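Remember, predicted model here, so these are calculated numbers, not experimental data. A, B, ... follow the sequence lines: proteins, then strands. Residue 1 opens every chain. Only heavy atoms go into these numbers, but all of them, side chains included; no hydrogens, no water, no symmetry mates.
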2 protein chains.
Amino acid sequence: MSTVMKVMIVDDHDMVRLGLSTYLSLESEIEVIAEASNGREALEVLKGLKEANLPLPDLILMDLMMPEMDGIATTQEAIDRYPEMKIIILTSFLEDDKVMEGIQAGAVSYVLKSVSSEELVYAIKGAFRGMPVMNTEVSQALSRGIRQKSASKDDDGLTVREREVLMLIAEGKANKDIAEELYISIKTVKTHVSNLLMKLEVEDRTQLAIYVHRKGWVS
Amino acid sequence: MSTVMKVMIVDDHDMVRLGLSTYLSLESEIEVIAEASNGREALEVLKGLKEANLPLPDLILMDLMMPEMDGIATTQEAIDRYPEMKIIILTSFLEDDKVMEGIQAGAVSYVLKSVSSEELVYAIKGAFRGMPVMNTEVSQALSRGIRQKSASKDDDGLTVREREVLMLIAEGKANKDIAEELYISIKTVKTHVSNLLMKLEVEDRTQLAIYVHRKGWVS
DNA sequence: TATATCCTCCGTCTAAAGACTGAGCATGCT
DNA sequence: AGCATGCTCAGTCTTTAGACGGAGGATATA
């Protein structure tokens, strides 16, 4: 296979992005064509590439925990919009639920950051060839997850934007702060908040925050 | 200062070590002279350097969570054996207790991995010059930790009534509900809430609820 | 083309939250 | 007795939150 694999790196840590792109660029078969520091930015970058008629990445290395928009939601959106794209979720921690969610969201692989660089390259090449590679720990977690909660369906019908607002509320942000952070008006934030209150059937933002924390979506 | 800062990197993630050493080697004032993937290995490397009469690092970038031996214990040991060495704890997550432990163990700085590479270099140079640099979040966590450690056994300065109100807020109750449940007026509830906001140094009831949930006082 | 969803924003309005000041009453400590 | 603290409540004021209705534009799908 002589074609070059175009890879995008999405991770909120500067140093991780740097390390990955440095190492991967040593591989002649791999080319890092884009980076982003969170999910929302990643989607914007992809959109920008598409609009500019530039080549899209064949594969995304996606961190799980990121501000603004996490890896699961981003994977879901990205797969939805660019179905041919492969996504490897790359994370520091092993949580059974998250593995399940990630795979369900459309990720082809789920790799721990503790793997060696060689193993990562192997996983990338595998994913590209349609032969996803996973850590032993991860595949074990996956089978546990399937057995324990194959009927786990917590699709609460929230849109991407609503989930973003929700997570900011769960961080204790006020509407004004959220508006500034998302570059939208307070009015719009209020609209999203009202929709969240209705969809999640709670009475105020404090209960929204509690909801998120009880779900374990944040620490 | 024309001398070169000799730095050691201790982190269990290949890609983090790679990213760091790549970036730091671009800085002419910084030289990465050693690496290790966990605490025990780090101490062995240091011992080896000393026995071989090779220069020891001036500064260690130490990850917090590692297999075999974590960053806190390693920092303690390393400072004990090589008191002139400076250590910056580098971690993905912000936990008040860990910050305290890290500083008490002898680390001069505590930096989140989410910082930009430039900020990290700044922190390294600062540490080397005896002017430790910390994330804003970290120093806030530190002051919270100090306040709680010094004033507390199981007492964070809250009165019984205030704690009652706090827990009801953490359940998502509105002032009116709290007033009815405690048989007091809304005015009184507001007084307690204002006192809570002041004492716990947060801005609104949502942040109070988050505070309680982060403390694990409720599920 | 029609349709639906999402995101955006507007104005208006009511209720709630919170800041600030002051005060009465009970308790316990010195 | 004097003093501090905790709990209670009040009034006034400003800001925020949230409900409600309406609407335009973008996008995707049938």
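- Backbone-only contact: Ser185(A) has heavy atoms under 4.0 Å from sugar-phosphate atoms and none from a base.
- Within the model, atoms CG of Asp11(B) and CG of Asn38(B) stand 10.5 Å from one another, a figure rounded to the nearest 0.5 Å.
- Counting to the nearest Å, the C1' atom of dG25(D) and the CD1 atom of Ile184(A) are 16 Å from each other.
- Under the 3.5 Å distance criterion, with hydrogens and angles disregarded, no donor-acceptor pair is assigned to the side chains of Ser194(A) and Thr191(A).
- You'll find that the side chain of Arg161(A) is closest to dC7(C), out of dT8(D), dA19(D), dC7(C).
- Note on His192(B): every side-chain N or O is 4.0 Å or more away from OP1 and OP2 of dG6(D).
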Run the salt bridge (Lys or Arg N to Asp or Glu O under 4.0 Å) check on Glu35(A) and Arg17(A) step by step: do they pass? CA-CA 7 Å; Glu35(A) 293 188 10; Arg17(A) 288 206 308 279; 3.0 Å; yes
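- In this structure, the CD1 atom of Ile178(B) is 13 Å from the C1' atom of dG18(C), given to the nearest Å.
- Distances from the side chain of Thr191(B) to the nucleotides dT8(D), dG18(C), dC7(D) place dT8(D) closest.
- Residue Thr159(B) is the one, among Lys190(B) and Thr159(B), whose nearest nucleotide of DNA chain D lies closer to the 5' end (criterion: closest heavy atom).
- A donor-acceptor pair is defined here as one N or O able to donate and one able to accept, closer than 3.5 Å; no such pair exists between the side chain of His213(B) and the backbone of Ile210(A).
- When the C1' atom of dA17(D) is taken as reference, atom CG of Asp177(A) falls 14 Å away, rounded to whole Å.
- When the nucleotides dT12(C), dA10(D), dG18(D) are ranked by their closest atom to the side chain of Lys187(A), dT12(C) comes out on top.
- The side chain of Ser194(B) sits closest to dG18(C) out of dG18(C), dG18(D), dC9(C).
- Atom CG of Leu196(A) and atom C1' of dC7(C) are 13 Å apart (whole Å).
- As a whole-Å value, the separation of Asn175(A) CG from dA17(C) P is 14 Å.
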